[in-house]
Amino acid sequence: MIASRSLLREVKTVLPDDRELGEFVRLQIAFAHCLRMTLRRKPQAEPLAKYLNTDDLQRVFASHSPANRILLMMGGMAGDAST
């Protein structure tokens, strides 16, 4: 939880747009749920559908590691904003 807050504080300097920041926060929440459900070996579709749009859900579930795909999506947002 502390690491998530620290990450969000750092990302706020890179993604000053509230819409983009909101999307990053949704990805961060989706990652936490995805990891939790993976470790418990439970279905992930319902919790993730609350935070990811249809296209993102498809990309996440097409991946061998859904939690890692969400992290890559977050990294892509931060990387795109810093260029």
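Every value quoted in this text rests on a predicted model; they were computed, and no experiment measured them. For this chain, numbers begin at 1 and follow the sequence in order.
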May I ask whether [X] and [Y] are part of the same hydrophobic cluster, defined by side-chain heavy atoms of I, L, V, M, F, W, Y residues being less than 4.5 angstrom apart, directly or through others?
X: Ile29; Y: Leu72; value: no
X: Leu35; Y: Val25; value: yes
X: Val60; Y: Met37; value: no

What's the spacing between Asn53 CG and Arg59 CZ if we round to 0.5 Å?
8.0 Å

Using 0.5 Å steps for rounding, measure from the CE atom of Met74 to the CD atom of Gln28.
4.5 Å

Working for side chain to side chain contact (heavy atoms under 4.5 Å, CB included), residues Glu23 and Asp56:
CA-CA 11 Å; Glu23 179 63 26; Asp56 288 342; 3.7 Å; yes

Please step through side chain to side chain contact (heavy atoms under 4.5 Å, CB included) for the pair Asn68 and Ser63, ending with a clear verdict.
CA-CA 8 Å; Asn68 190 56; Ser63 175; 5.8 Å; no

Minimum heavy-atom distance [X]-[Y], with the two atoms named:
X: Ala67; Y: Cys34; result: N-SG, 3.4 Å
X: Leu48; Y: Ala30; result: CD2-O, 3.2 Å
X: Arg19; Y: Arg26; result: O-NH2, 4.4 Å

Please step through side chain to side chain contact (heavy atoms under 4.5 Å, CB included) for the pair Gln44 and His33, ending with a clear verdict.
CA-CA 8 Å; Gln44 301 173 12; His33 283 294; over 6 Å; no

Side-chain contact, heavy-atom cut-off 4.5 Å: Tyr51 with Leu27?
no

